[in-house]
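Heads up, the thing below is written out as structure tokens.
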Amino acid sequence: MCSNCLKYELDVPHTEIQEDCARWVIDIAMGSAGLMDAVLGFAAFNLREFEPNNTELCHASHRYMTKAIAAHNQQLSQGINAENAEIILAGSFTIAFVTITSHHYLSHEEEQLLPLYWFQPWTGLNAIVEGTLDYIQPSPIKHLLELERTPSTYTINLIQEQKHYTKFDFLLEGLDMVSTDETTLYAYTNSVQWLSVIYECPDIDYLFKFAVKAGPRFVELLTQRDPRTLTIVGYWFMLMMTREQVWWTPRATDNEFWALMGLLPEEWKPKMQWAIQELEGHRGSAVSSEFASSDYAEFE
């Protein structure tokens, strides 16, 4: 474990960050009916995790989020200005979280869907951040957003230190470092380095932020069903599924992991053996689902 991981957290503990974010959104929502709908929809949506068969919660989350999205679109149509910047930004955060997490209710093991929904919403959200930041008043939230735009020196140094001994180097095996174009090479190496940072130093950042840090070329490769990219995403899923996280952050599910496994060519599936073993150990049981009786059984 990295001995210096907590340096990143000394000035702003995670609990304080979480409280600041929650307080900021709720304070703004008190003066915006549309954003309050988003908050209520977000709350109802997350309560479904504890009561998955509660149809009233399901209907409430859909009802409030539908109203929130309509209000959000109306705000965007007026353009970003000093009066609505915080409302638009807070609404974008809330809607993005629900958009991503909702896919675990929609995904099924037999459906081999590309997990693009983990990555695509952040492109629009990044644009919103860039468009609203100048209008946001000085506050802990603005400070955090500015930090996100420019990685800390410590984070950059940590990535550079891990470059030659990353835990996930095996995902780069067979990669031609000479003939592979520079943009693609960076997409692979950068994402693998971030996996290592997350693995070695779990306190450095929220796991879901990998989707933001992966970059546009990585998303293009995922769109092309590139096997190496799929394995990297698979191990990110493994980390999300086996690490403790803040309750409101999105996390991958068994269905999503096994759907991704179904997209991999046969020769790439052995690369996922460690992930499968970790997930089985975390659940304390063998692989379930249709995959248990398939070729994946060799990993048991």
Side-chain angles (χ1 to χ4, degrees), residues 13-30 32-69 71-72 90-111 113 115 117-118 121-122 125 198 202-203 205-212 233 236-260 275 278-292:
H14 269 181
T15 52
E16 183 178 334
I17 293 172
Q18 296 157 22
E19 291 173 1
D20 285 341
C21 291
R23 189 180 302 112
W24 174 71
V25 173
I26 293 172
D27 285 347
I28 299 169
M30 293 297 290
S32 169
L35 181 55
M36 183 58 75
D37 284 331
V39 171
L40 293 172
F42 179 80
F45 180 83
N46 280 282
L47 286 172
R48 292 175 62 187
E49 187 74 21
F50 303 100
E51 297 186 46
N53 297 320
N54 189 323
T55 57
E56 291 185 6
L57 279 177
C58 179
H59 293 156
S61 66
H62 286 306
R63 183 169 63 254
Y64 282 119
M65 288 310 299
T66 299
K67 292 170 62 180
I69 291 170
H72 185 68
S92 296
F93 282 140
T94 310
I95 293 169
F97 276 111
V98 173
T99 299
I100 293 168
T101 312
S102 64
H103 282 271
H104 80 255
Y105 289 108
L106 305 175
S107 61
H108 300 282
E109 292 164 353
E110 63 272 14
E111 293 182 325
L113 299 176
Y117 49 84
W118 278 100
W122 304 116
L125 184 55
I198 293 170
D203 292 320
D205 234 335
Y206 292 130
L207 284 173
F208 74 87
K209 288 185 181 178
F210 173 85
V212 184
V233 174
W236 176 48
F237 282 0
M238 177 197 80
L239 291 175
M240 282 197 288
M241 295 166 70
T242 56
R243 287 279 174 85
E244 291 296 325
Q245 297 187 71
V246 183
W247 67 267
W248 50 264
T249 56
R251 65 180 64 230
T253 64
D254 282 353
N255 285 352
E256 290 174 291
F257 178 83
W258 289 110
L260 183 141
E278 286 290 314
L279 295 179
E280 290 178 359
H282 183 72
R283 291 196 304 268
S285 61
V287 175
S288 60
S289 83
E290 298 174 7
F291 292 91

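The two residues Asn54 and Glu51 make their nearest non-hydrogen contact at ND2-OE1, 2.9 Å. Among all heavy-atom pairs drawn from His72 and Ser92, the shortest one is CE1-OG, 3.1 Å. Residues Pro115 and Leu260 come closest through the heavy atom pair CG-CD1, 4.1 Å. Closest approach of Thr94 and Ala38 over heavy atoms only: CG2-O, 3.4 Å. Nearest heavy atoms, Ala211 versus Trp118: CB-O, 3.2 Å. Between Ala96 and Leu125, the shortest heavy-atom contact is CB-CD2, 4.3 Å.
Rounded to the nearest 0.5 angstrom, Phe237 CZ and Thr253 OG1 are separated by 8.0 Å. To the nearest 0.5 angstrom, Ile28 atom CD1 is 12.5 Å from Arg23 atom CZ. The structure places CD1 of Ile69 at 15.0 Å from OH of Tyr64, a figure rounded to the nearest 0.5 Å.
The aromatic rings of Trp236 and Phe210 lie tilted to each other, with the angle between the two planes from 30° to 60°.
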Run the side chain to side chain contact (heavy atoms under 4.5 Å, CB included) check on Leu239 and Glu278 step by step: do they pass?
CA-CA 9 Å; Leu239 291 175; Glu278 286 290 314; over 6 Å; no
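With hydrogens and angles disregarded, no donor-acceptor distance shorter than 3.5 Å links the side chain of Ser32 to the backbone of Ala29. Between the side chain of Arg243 and the backbone N or O of Ile198, at least one donor-acceptor pair lies under 3.5 Å.
Using a 4.5 Å heavy-atom threshold, the side chains of Met65 and Phe45 count as separate. You'll find the side chain of Phe93 stays beyond 4.5 Å of the side chain of Val25, heavy atoms only. No side-chain heavy atom of Tyr117 sits less than 4.5 Å from a side-chain heavy atom of Thr99.
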